[in-house]
Amino acid sequence: MSRRFLTCFFLLGFFLTAVFSGIVWIVDPWYHYHEPILGLPLCLRDGRYQNTGIAEYADYDTLLLGTSVTANMHTSDMDRMLGGKSLKLIVQGGYFADFYGPLDVALTTHDVKAVFWGTDSNCLRRRDADNPWKEPSYLFDENPINDVSYLLNKDMFFWDLTAVLERAWTGDFQDEQTGGYTWGENEEWGKSTALSVYGSMEKPEWMSVPADAFLPAATENLRNILQRVDDNPDVTFTFYLAPYSILFWHQTIQSGELDATLMMHRMVLEELTSRTNTRVFYFMDDTELITNLDNYCDHVHYSPEVCEQLLGKLIYGEPVAETEIGPRIDRFRAFLVEYDYDAIWES
């Protein structure tokens with residue numbers, strides 16, 4: 001094999017590598033180096049990989065954090081109601097630890113005025129130590145050398161990068177209006193769908209869970225959340241517990257977790273309302289909403305229309321007062337215990 005051939009071979013390999021990595025740097029689908037440039041559309045699909053980068057480089061003064069039940073809220077609606085510029089950070093099925101990094105970056109690099117945070121009931125009972133996702137250090141450290149794992153990432157190149165280019169080609173700039181991560185546009189919403197999905201789920205055996213079973217995990221999560229609240233007294237934090245449907249509560253009662261869940265809610269509401277820079281909303285006990293299964297596609301996820309309604313309440317509504325928490329939880333428990341669950345299927 002001639003020296004000339006080897007030289008050409010390696011030069012070609014170097015050239016192709018430079019082109020490959022250069023395209024990744026320009027498109028930057030995980031926003032590791034910059035926000036969208038050259039007219040490329042915003043394309044937010046995987047919060048665990050994209051949130052930290054977009055939190056550093058995007059222009060905003062308000063944050064919206066949450067899981068899939070928050071994803072269908074639109075930043076354009078927030079901007080219209082608040083008059084500022086908002087950024088949505090979503091992690092589908094996330095643990096609270098998935099949000100701390102992007103939130104800390106946002107609070108450090110931007111003059112954030114307000115944070116709206118969906119503190120889901122299912123998330124509150126999860127321990128961060130049980131999070132199966134292992135973050136790729138090359139995206140979140142200050143070492144430029146290991147960026148090769150990003151610049152030459154085959155899976156990212158043929159998935160996320162091509163998605164950005166496809167949107168640019170078709171003129172799809174939807175994420176500029178919605179803030180990304182939306183998934184409800186083509187979903188089928190309604191009672192029959194919700195019951196069908198719920199009926200296919202594996203049901204727990206009738207059992208009993210200690211009333212304080214979820215407090216340790218919730219306490220740990222609250223400690224981390226409130227640390228950020230206390231460290232940023234000039235930022236208004238608005239928290240809300242999402243309105244899971246009556247099917248969720250049927251499942252909760254069947255699994256013997258009703259008292260444990262409501263005790264956790266009481267403790268969380270009391271802690272979150274104890275700060276002067278917090279506003280707290282408890283949508284779980286909106287009985288008119290949660291019993292109307294036409295709002296849902298399964299036992300927890302509600303429609304984009306409901307998302308818009310909740311967003312209006314978060315911005316314009318009256319938050320929970322600390323003195324009403326106990327009586328409100330007690331009334332809700334009585335409603336849940338007395339509810340005619342059999343009627344859901346009979347009709």
Side-chain angles (χ1 to χ4, degrees), residues 1-61 63 65 71 75-76 85-92 94 98-110 112 133-183:
M1 189 176 295
S2 68
R3 179 179 300 177
R4 181 177 180 181
F5 174 82
L6 289 175
T7 300
C8 292
F9 177 82
F10 285 111
L11 285 176
L12 178 61
F14 178 81
F15 173 76
L16 292 176
T17 299
V19 169
F20 189 102
S21 58
I23 293 173
V24 173
W25 188 93
I26 292 171
V27 178
D28 197 11
W30 292 349
Y31 308 109
H32 185 48
Y33 300 108
H34 52 75
E35 62 181 326
I37 60 174
L38 303 180
L40 291 172
L42 182 70
C43 184
L44 293 172
R45 308 193 310 171
D46 192 332
R48 286 191 171 98
Y49 290 93
Q50 295 178 297
N51 281 345
T52 298
I54 202 66
E56 180 173 358
Y57 296 113
D59 177 29
Y60 58 90
D61 55 26
L63 285 172
L65 281 64
T75 55
S76 57
K85 180 65 175 175
S86 55
L87 175 70
K88 185 165 59 171
L89 303 177
I90 300 297
V91 178
Q92 308 278 0
D98 294 321
F99 298 99
Y100 299 146
L103 177 58
D104 291 344
V105 167
L107 293 170
T108 301
T109 60
H110 288 67
V112 177
W133 187 67
K134 306 299 181 186
E135 68 176 36
S137 59
Y138 59 84
L139 278 180
F140 307 116
D141 62 21
E142 300 299 323
N143 181 6
I145 296 176
N146 63 13
D147 283 3
V148 67
S149 298
Y150 174 59
L151 294 172
L152 300 179
N153 189 308
K154 173 176 65 66
D155 293 333
M156 182 276 304
F157 188 91
F158 290 107
W159 177 246
D160 295 86
L161 185 144
T162 52
V164 177
L165 296 180
E166 181 180 353
R167 291 191 182 192
W169 178 261
T170 59
D172 181 1
F173 285 78
Q174 174 182 259
D175 285 4
E176 304 286 352
Q177 296 298 315
T178 67
Y181 302 119
T182 57
W183 57 271

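Heads up: numbering here begins at 1 and tracks the sequence. In what follows, every heavy atom counts, from backbone to side chain, and hydrogens, waters and symmetry copies are set aside.
- Counting heavy atoms from C-beta on, the side chains of Leu103 and Leu89 never come closer than 4.5 Å.
- Under a cut-off of 6.0 angstrom, the local environment of CH2 in Trp133 is crowded, with over 12 non-hydrogen atoms contributed by other residues, nucleotides or ligands.
- For Glu166, the CD atom sits in a loose shell: 12 or fewer heavy atoms of surrounding residues, nucleotides or ligands are nearer than 6.0 Å.
- Here the side chain of Gln92 pairs no donor or acceptor atom with the backbone of Ala71 at under 3.5 angstrom.
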Problem set entry | Audit row: Tyr60, Val112, side-chain contact (heavy atoms from CB on, under 4.5 Å) steps and yes/no | CA-CA 8 Å; Tyr60 58 90; Val112 177; 4.1 Å; yes
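- Within the 4.5 Å cutoff, no side-chain heavy atoms of Asp46 are placed close to those of Trp159.
- A distance of 11.0 Å separates CZ of Phe173 from SG of Cys43, quoted to the nearest 0.5 Å.
- For Ile37 against Trp25, the heavy-atom pair with the smallest separation is CD1-CZ3, 4.4 Å.
- In summary, the side chains of Asp160 and Tyr49 do not present any donor paired with an acceptor at a separation below 3.5 Å, with no hydrogens or angles considered.
- Two residues are said to be in side-chain contact when any heavy atoms from C-beta on lie closer than 4.5 Å; Gln50 and Arg45 meet this criterion.
- Below 30°, between 30° and 60°, or above 60°: for Tyr33 and Tyr150 the angle between ring planes is between 30° and 60°, a tilted geometry.
- Between Leu40 and Ala168 the shortest heavy-atom distance is CD2-CB, 4.0 Å.
- With a 4.5 Å cut-off on side-chain heavy atoms, Tyr31 and Pro36 count as touching.
- With hydrogens and angles ignored, the 3.5 Å screen pairs a side-chain donor or acceptor of Ser86 with a backbone N or O of Thr75.
- Here Asp59 contributes atom CG and Leu87 contributes atom CG; the two are 10.0 Å apart, rounded to the nearest 0.5 Å.
- Of all heavy-atom pairs spanning His110 and Glu56, the tightest one is CE1-O, 3.2 Å.
- Here CD1 of Ile54 is found 13.5 Å from NE2 of His32. Values are rounded to the nearest 0.5 Å.
- A pairwise comparison of heavy atoms in Ile90 and Asn51 identifies O-ND2, 3.2 Å as the closest pair.
- With Glu176 contributing its side chain and Pro41 its backbone, the two residues share no donor-acceptor pair below 3.5 Å.
- Between the OH atom in Tyr100 and the CG atom in Leu107 there is a gap of 13.0 Å [rounded to 0.5 Å].
- The heavy-atom pair separating Lys88 from Leu44 by the smallest distance is O-CD1, 4.4 Å.
- If you take CZ on Arg48 and CG on Asp98, they are separated by 4.0 Å, rounding to the nearest 0.5 Å.
- Residues Thr52 and Pro102 share a closest heavy-atom pair of OG1-CG, 3.6 Å.
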